[in-house]
K.L.:
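Encoded as structure tokens, here's the structure I'll be asking about.
Just so we're on the same page: letters track the sequence lines, and every chain starts at 1. Only heavy atoms go into these numbers, but all of them, side chains included; no hydrogens, no water, no symmetry mates. Please read all numbers here as calculations on a predicted model, not as lab measurements.
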Protein chains: 2
Amino acid sequence: MILNVDLTSDTPIYQQLRDRIVEAIAEGVLTEGSLLPATRALAADFGINFHTVNKAYDLLRQQGLIRLNRGTGAVVTLTVADPPFRADWTARARTLLAEAAAKGLPPEEVLATCRSMLDSFGANQPKDTP
Amino acid sequence: MILNVDLTSDTPIYQQLRDRIVEAIAEGVLTEGSLLPATRALAADFGINFHTVNKAYDLLRQQGLIRLNRGTGAVVTLTVADPPFRADWTARARTLLAEAAAKGLPPEEVLATCRSMLDSFGANQPKDTP
DNA sequence: TGCTTGTTCTATAACTTATAGAGCAGGAAG
DNA sequence: CTTCCTGCTCTATAAGTTATAGAACAAGCA
């Protein structure tokens, strides 16, 4: 698994780490049961502090995407999207879409972009790769 | 114009202000040439410091959504979405959509939500309200 | 036992957020 | 010209966030 993290970016490292792992799950690179690298190992990989990785993993745990076990490590464990999550997600989507609309991006183009990204996620999904 | 800002939220006030104004532009509540409240007036309205409003306005200016004139005030002035903006927007959209996909939201449902929000933006647009 | 793993604690430096007050500078209107 | 309103800039402060560091504890496994 390759996680593209930019240490010079203005978005926090732990947030980038979280985002990249969420994307890996969506893409099907990480599936239910996949083992994530140990916090110290991943930190050494990027040359960052293991507390930073810990924070990213903790976020993912709070969002019900992984489970953390001592000795074993972090495992991807998907849980259903509950109403609070859906409400929060929709609000964030609304803001993002508003930004596109305010900047004059055509709605059809925005929708097409979203569709193609969702399709690319579904491409190698844990159904049955023929 | 009613801006819904939550002072107890963990997202910064200036960010919320920016988001609400972007949404107002997308909705057509604010159109090209609309005058925004003065920074001090808006700050007094919410019971916050005018520097905080200033920061929100500055963000909107950097994103080419408003122009700031001394004496006159802040005016909505739309500029075309340039390639850097599109790239940045697409990256953020990718992360948001990945979150939905990772939490198991059906792609059709996500797309339908996006479509309905984009439609609601286009509903009262500065074309010709019949 | 020994190793790896997550977990918790304290501590520090740099940066961000929000507040506050003072003052400057340009445009509008009397 | 003077007055007022506007954005803009400066310094300052308190609280919170981000990232670092080191130490130690606790659960799981071989």
K.L.:
Rounding to a whole Å, what distance do you find between R18(B):CZ and dT17(C):P?
P.N.:
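So the CZ-P distance, R18(B) to dT17(C), works out to 13 Å.
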
K.L.:
Does T39(A) put a side-chain nitrogen or oxygen below 4.0 Å from OP1 or OP2 of dG6(C)?
P.N.:
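Affirmative; the distance criterion is met.
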
K.L.:
Transitively linked via ILVMFWY side-chain contacts under 4.5 Å: V75(A) with Y57(A)?
P.N.:
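Per the 4.5 Å side-chain linkage, V75(A) and Y57(A) are not co-clustered.
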
K.L.:
Please state how far atom NE2 in H51(B) lies from atom P in dA18(C), giving the value in whole angstrom units.
P.N.:
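Nearest whole value for this atom pair: 14 Å.
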
K.L.:
Same cluster or not: V53(A) versus L30(A), using hydrophobic residues (I, L, V, M, F, W, Y) connected whenever any side-chain heavy atoms lie under 4.5 Å apart?
P.N.:
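Hydrophobic grouping puts V53(A) with L30(A).
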
K.L.:
Measure from the side chain of L68(A), starting at C-beta and using heavy atoms only, and say which of dA25(C), dA22(C), dG6(C) lies closest.
P.N.:
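Output: dG6(C).
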
K.L.:
Round to a whole Å and report the spacing from CG of D10(A) to P of dC15(C).
P.N.:
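After rounding, the reported distance stands at 14 Å.
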
K.L.:
Figure out the CG/C1' separation between L35(B) and dG27(C), and round it to whole Å.
P.N.:
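Taking atom C1' of dG27(C) as the reference, CG of L35(B) is at 13 Å.
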
K.L.:
Once you apply a heavy-atom cut-off of 4.0 Å, does N69(B) come out as touching a base, just sugar-phosphate, or nothing?
P.N.:
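Answer is sugar-phosphate: N69(B) comes under 4.0 Å of backbone atoms only.
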
K.L.:
Name the closest nucleotide to the P12(B) side chain, picking from dT5(C), dT8(C), dA18(C).
P.N.:
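The listed nucleotide nearest to P12(B)'s side chain is dA18(C).
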
K.L.:
Rounded to the nearest angstrom, tell me the gap between atom OH in Y57(A) and atom C1' in dT7(C).
P.N.:
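Nearest whole value for this atom pair: 15 Å.
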
K.L.:
Any chain of hydrophobic side-chain contacts (each under 4.5 Å) joining L68(A) to M1(A)?
P.N.:
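Linked within one cluster.
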
K.L.:
Check every nucleotide of DNA chain D for an atom under 4.0 Å from a heavy-atom of chain A, then give the first and the last such nucleotide from 5' to 3'.
P.N.:
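Contact span on the strand: dT18(D) to dG28(D).
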
K.L.:
Is the shortest side-chain N/O distance from K55(B) to OP1 or OP2 of dT17(C) below 4.0 Å?
P.N.:
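Answer is yes, contact under 4.0 Å.
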
K.L.:
How many Å lie between CG on L59(A) and P on dT7(C), as a whole number?
P.N.:
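In whole Å, dT7(C) P lies 13 Å from L59(A) CG.
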
K.L.:
Give the C-alpha distance, both sets of side-chain angles, the deciding distance and a yes or no for salt bridge (charged side-chain N to carboxylate O under 4.0 Å, His left out) between E109(B) and R86(A).
P.N.:
CA-CA 11 Å; E109(B) 189 187 319; R86(A) 295 170 95 106; 2.2 Å; yes

K.L.:
How long is the line joining CG of D58(B) and P of dA18(C), in whole Å?
P.N.:
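The answer, rounded to whole Å, is 15 Å.
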
K.L.:
Would you kindly compare G73(B) and T72(A) by the position of their nearest DNA chain D nucleotide and give the one closer to the 5′ end?
P.N.:
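The residue closer to the strand's 5' end, by nearest nucleotide, is G73(B).
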
K.L.:
Run the salt bridge (charged side-chain N to carboxylate O under 4.0 Å, His left out) check on E99(B) and R94(B) step by step: do they pass?
P.N.:
CA-CA 9 Å; E99(B) 204 169 321; R94(B) 181 178 168 75; over 6 Å; no

K.L.:
Answer yes or no: is there an ion pair linking D58(B) with K55(B), defined by an N-O contact shorter than 4.0 Å?
P.N.:
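No salt bridge links D58(B) with K55(B).
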
K.L.:
Going only through I, L, V, M, F, W and Y residues with side-chain contacts under 4.5 Å, is there a path from L59(A) to L42(A)?
P.N.:
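Different clusters: L59(A) never reaches L42(A) through Ile, Leu, Val, Met, Phe, Trp or Tyr contacts under 4.5 Å.
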
K.L.:
For the pair made of CG in N49(A) and C1' in dG6(C), what is the distance, rounded to whole Å?
P.N.:
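So the CG-C1' distance, N49(A) to dG6(C), works out to 15 Å.
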
